[in-house]
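Below is one structure; the comments refer to it alone.
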Amino acid sequence: MNTLKTHKVQLIETIILLILFFIKALVYNYLTENSNVNLRLSIISLGYIIFVISLVNFFTVKKRSITLLIIYSIISIIMFTDAAYFKYFNQLTSVVVLRQITQVGTIGESITHVLRPMNFLLVADVMPLTIYYLYRRKFKPIKNLFSLGKKQAFGAFAVTLLLVVSSVFMVNALDDDINLFKQEFFTYHISDIYNIFFAKNEVDDMDEFIKETMEKTTYKDKNLYGVAKGKNVITIQVEGLQNFVIDREYNGQELTPNLNKLIKRDSIYFDRYYQQLGRGNTSDAEFVSHNSLYPAMDGQTYLLYYGNTFYGLPWILKDNGYSTTAFHGYKPSFWNRDKAYPYQGFDRFISEEDYTATEPLIGLGINDSEFFKQSVDYIKNTEKPYYAFLVTLSSHHPFTLPDQYKQIQLMDKHKDTLFGNYIQSINYVDVAIGEFIEDLKNEGLYEDTIINIYGDHFGLASIDEANKRIMTEYLGYDYDFDEMMRIPLIIHIPKSGINQRVSTTGAQIDFLPTLLNLLGIENKKGIMLGQDLINTTEGFAAQQAYMLKGSYIKNDVVFSMSKDGIYMHSRAWNPNTREPVELDKCKEDYERAVDDINRSSYILKNDLLKKYIKDKKELANED
Ligand code: GP9
Ligand code: MN
């Protein structure tokens, strides 16, 4: 057989393709948690795909089938990526994610963990369609898709374009349940690309805002002002350390005995402290903590804005006579740290290349115990006073730990679960931190040093069903975003006699102002968007990743902005009682959360500190 009734076959082919795509759209909307409006979204997506088919008619007859196959495959792959990314990050991918494609290694591993068999339905038809195309090519002529002529093709294109555009705007305007710009596959991605190039980031009264911010950050006469003045500063940013493990037992076994011991003496422990990331994960935790600015969402801050002028903790300490060193046992180029650190104010970066990777390696590289040991050797030869910033590695997802370090006896139901592996890993890091403190003592480096310890971000994603189930059972209450993103901050000041537990809500953005108060250093140049948590009772933690922009956590409210962008679809609850809170009461703080983040993003995009620090210098010269 070498001839086909072309038109009939082509009609059947097109109908089959549309049916396949419609099923795909239904699966996609289900996986991206739009089940309540799935049918409406899928019909709109179907409209778009008909439009795509009408576009293909502009290609020469020979190239139509292959073009359509390629476009269809790309769409399928993007849908697959979206669904996987959504499961982990609670939002769809953006083209900005592609900019950091080389950095997805560590995150990628985490994402694959949340893939379900259903996700593969999104790409399941690509292979059979390709095989069919190759088989079909043998028959001539291949005049696919009704073989429209130029004029007819243009007519089809114009009609479908008009239909799609008008139905998108009509549905958006008339259907209160739907926001296609956040929910529908094509509309979302088109508007995402549009926003990158054309969206304006304008904020009102920036000068006024900065003036007020600066006035807020004067510490003199404040509680605990200068109690650690002149001390060396060590900050340990612990991979994946969540707050729930602190002071907690598992079947009678203490999970973090060393941290617990530290908290009991000469420490301030912040137990309502939250992560605050953008798109740069661990590197964002570093950035926000050091700079008291929100990390970017239009890409990764250390990559997009690394060369900006900053005036965060390392710079401030340098201005106060400190030497500054960053320690991290992984590749120096990862998260662009090697380029970013000098602009952050670090004199030196001790990276994977400077450590001897002694066995056993754990996860991404050198084990934490060895990392700390070798870091002490560097620290003791560092010029005083010093700032040492250490970023750990061993408790990185998926928490694989050699057997000899596993000290927690797990119940059968927790063996080989992320939860079980996580608590083993955290317990291992706790031991390593304990050894580090002992080493500091032995080297005479302990007493004149202030030691800060905090988690970079969560280890156990609450969107993973198994994590959620196990954690909810373990904690005795719903494992939701607020508990997932809650990390400990411990500030240990040896021989200070200070013993405090601060339960004011705070986040990584508050680290710098809080620490500067203790160090008795006034930040006269920088812009800090956080606040000193020791001298306030009104906490506020705005979020933009995992919980979406506009979400926030306060002492008695957690507000989680709906991912469809429709305010009334959001959730709010009291973190103490876990009872729902009326959404109407959250509007003002929601607006504040959006405004704070927009201002921070404006500062980054316009490299505002450069201008501001220059202005400050000019002012100083005039005096
Ligand atoms: C890699 C380490 C882990 O350098 O910081 O990165 P993460 O995957 O957690 O962002
Ligand atoms: Mn991390």
Side-chain angles (χ1 to χ4, degrees), residues 84-85 88-89 96-97 99-114 235-243 245 274-290 295-297 299-304 306 326-341 344 346 349-355 357 361-368 370-372 375 389-401 418 421-422 425-426 428-429 432-433 453-461 464 484-489 507-508 511 545-546:
Y85 190 85
Y88 197 75
F89 290 100
V96 299
V97 176
R99 276 194 244 172
Q100 57 191 63
I101 205 82
T102 53
Q103 310 284 330
V104 297
T106 55
I107 300 176
E109 200 180 359
S110 310
I111 294 178
T112 50
H113 238 266
V114 293
T235 299
I236 309 172
Q237 180 175 296
V238 184
E239 177 61 40
L241 177 65
Q242 292 185 217
N243 187 70
V245 294
Y274 297 89
Q275 70 174 63
Q276 231 160 14
L277 310 185
R279 293 218 190 251
N281 235 30
T282 308
S283 64
D284 280 349
E286 303 175 6
F287 175 78
V288 57
S289 302
H290 281 147
M297 279 300 277
Q300 186 233 323
T301 312
Y302 271 7
L303 202 65
L304 268 192
Y306 77 92
F327 301 81
H328 180 51
Y330 196 50
K331 296 183 185 66
S333 63
F334 198 81
W335 289 130
N336 208 31
R337 284 183 176 103
D338 53 349
K339 293 214 181 72
Y341 277 166
Q344 288 292 313
F346 284 109
F349 176 19
I350 309 296
S351 74
E352 184 182 64
E353 293 167 1
D354 306 292
Y355 291 96
L361 300 180
I362 299 179
L364 298 174
I366 183 169
N367 66 63
D368 282 352
E370 223 12 80
F371 165 70
F372 281 125
S375 298
F389 175 59
L390 294 94
V391 181
T392 72
L393 260 190
S394 295
S395 43
H396 196 276
H397 192 278
F399 324 115
T400 31
L401 192 69
L418 274 179
N421 295 345
Y422 176 75
S425 287
I426 288 297
Y428 163 76
V429 180
I433 293 175
I453 303 173
Y454 63 83
D456 64 346
H457 51 71
F458 67 85
L460 295 171
D464 177 304
M484 169 181 110
M485 304 207 295
R486 191 168 162 200
I487 51 172
L489 167 64
Q508 287 164 329
F511 177 69
Y546 304 101

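All values derive from a computational prediction rather than experimental measurement. First listed ligand is number 1; within each ligand, the first listed atom is number 1.
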### Query
Is the closest side-chain donor-acceptor distance between Y355 and S375 under 3.5 Å?
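Their side chains do contain a donor-acceptor pair, which is all the 3.5 Å distance test asks for.
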
### Approximate separation, where rounding is to 0.5 Å, of E370 CD and I362 CD1
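Here the interatomic distance stands at 10.5 Å.
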
### Message
How long is the straight-line distance from CD1 of I433 back to CG of L241, given to the nearest 0.5 Å?
### Response
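The CG atom of L241 sits 7.0 Å away from the CD1 atom of I433.
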
### OG1 (T282) to the Mn ion (ligand 2) to NE2 (H457) angle, given to the nearest 10 degrees
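It comes to 110°.
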
### Task
For the atoms OE1 of E239 and OD2 of D456, give the angle they form at the Mn ion (ligand 2), rounded to 10 degrees.
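Once rounded, the angle between the two atoms at the Mn ion (ligand 2) is 80°.
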
Which ligand 1 atoms, with their elements, are less than 4.0 angstrom from a heavy-atom of [X]?
X	value
N281	7 (P), 8 (O), 9 (O), 10 (O)
W335	6 (O), 7 (P), 10 (O)
E239	3 (C), 9 (O)

### Message
With respect to D456, determine whether any N or O atom, backbone or side chain, lies less than 3.5 Å from an N or O atom of ligand 1.
### Response
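No; the residue has no nitrogen or oxygen that sits under 3.5 Å from a nitrogen or oxygen of the ligand.
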
### Query
Under 6.0 Å between the ring centres of F371 and F327?
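No, too far apart.
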
### Task
For ligand 1, indicate whether the residue H396 contacts it via side chain, backbone, both or neither (heavy-atom separation under 4.0 Å).
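Just the side chain.
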
### Task
Specify side chain, backbone, both or neither for R337, according to which of its non-hydrogen atoms lie closer than 4.0 Å to ligand 1.
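Side chain only.
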
### Query
Between F458 and Y88, how do the two ring planes meet: parallel, tilted or perpendicular, split at 30° and 60°?
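Plane angle between 30° and 60°, so tilted.
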
### Message
Students often mix this up, so state it plainly: with edges at 30° and 60°, are the rings of F346 and F389 parallel, tilted or perpendicular?
### Response
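F346 and F389: parallel rings.
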
### Task
Tell me, please: is H457 in heavy-atom contact with ligand 1, that is, under 4.0 Å?
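Heavy atoms of H457 do come under 4.0 Å of ligand 1.
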
### Task
Give the minimum heavy-atom separation between Q237 and E286, together with the two atoms involved.
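Shortest heavy-atom contact: OE1-N, 3.3 Å.
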
